[in-house]
Amino acid sequence: CKQAMVVDYPALRFDHARLKETSSNSAEGYHWSCSSMKGWRLQMEDAFVAMSMASKASNESEATLFAVFDGHGGREVALFCQQHLPEQVQALLKQGVPPEALFKRAFAATEDMLR
């Protein structure tokens with residue numbers, strides 16, 4: 001997303017500031033916004049993806065991937081999935097894998113990379 005706006009909520013400060021970041025974008029006829037707030041942890045642990053992808057048949061965008069990765073106590077895996085899951089989805093899309101199998105295979109391949 002672009003045009004990020006960071007808002008500090010001083011009334012909600014304890015040991016560190018709670019920051020809210022909001023941004024929006026559009027592509028391929030889709031318009032989206034995303035917003036995140038790190039809450040009480042020392043850093044934001046979540047990650048997201050919003051991107052258009054092309055298939056094997058053409059280089060034109062034929063799919064848009066939206067995903068949120070919850071850090072669950074650590075940012076490393078969320079950032080890993082943010083980088084690698086779209087790569088797996090794109091590779092399978094270019095191979096012509098049908099959508100009903102594509103995500104199962106992309107998630108399995110990404111999980112295997114984590115091991």
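These numbers come from the heavy atoms of this one structure, side chains and all, not from hydrogens, waters or symmetry mates. If you're wondering where the values come from, they're calculated on a predicted model, not measured in any experiment. Along the sequence shown, residues carry numbers from 1.
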Distance (rounded to the nearest 0.5 Å) between Asp46 CG and Arg75 CZ: 8.0 Å

Taking every heavy atom of Gln82 against every heavy atom of Val49, the minimum-distance pair comes out as O-CG2, 3.5 Å

Starting at CZ of Phe69, measure out to CG of Leu79 and round the result to the nearest 0.5 Å. 10.0 Å

Roughly how far, to the nearest 0.5 Å, is the CG atom of Asp112 from the CZ atom of Arg105? 12.0 Å

Go through the structure and list residues passing side chain to side chain contact (heavy atoms under 4.5 Å, CB included) with Phe107, not counting sequence neighbours. Leu85, Phe103

If every non-hydrogen atom of Cys81 is compared with every non-hydrogen atom of Leu114, which pair is closest and at what distance? SG-CD1, 4.4 Å

Mind checking what makes salt bridge (charged side-chain N to carboxylate O under 4.0 Å, His left out) contact with Glu111, not counting sequence neighbours? Arg115

What one should report as the nearest heavy-atom pair of Leu92 and Ala106 is CD1-N, 3.5 Å

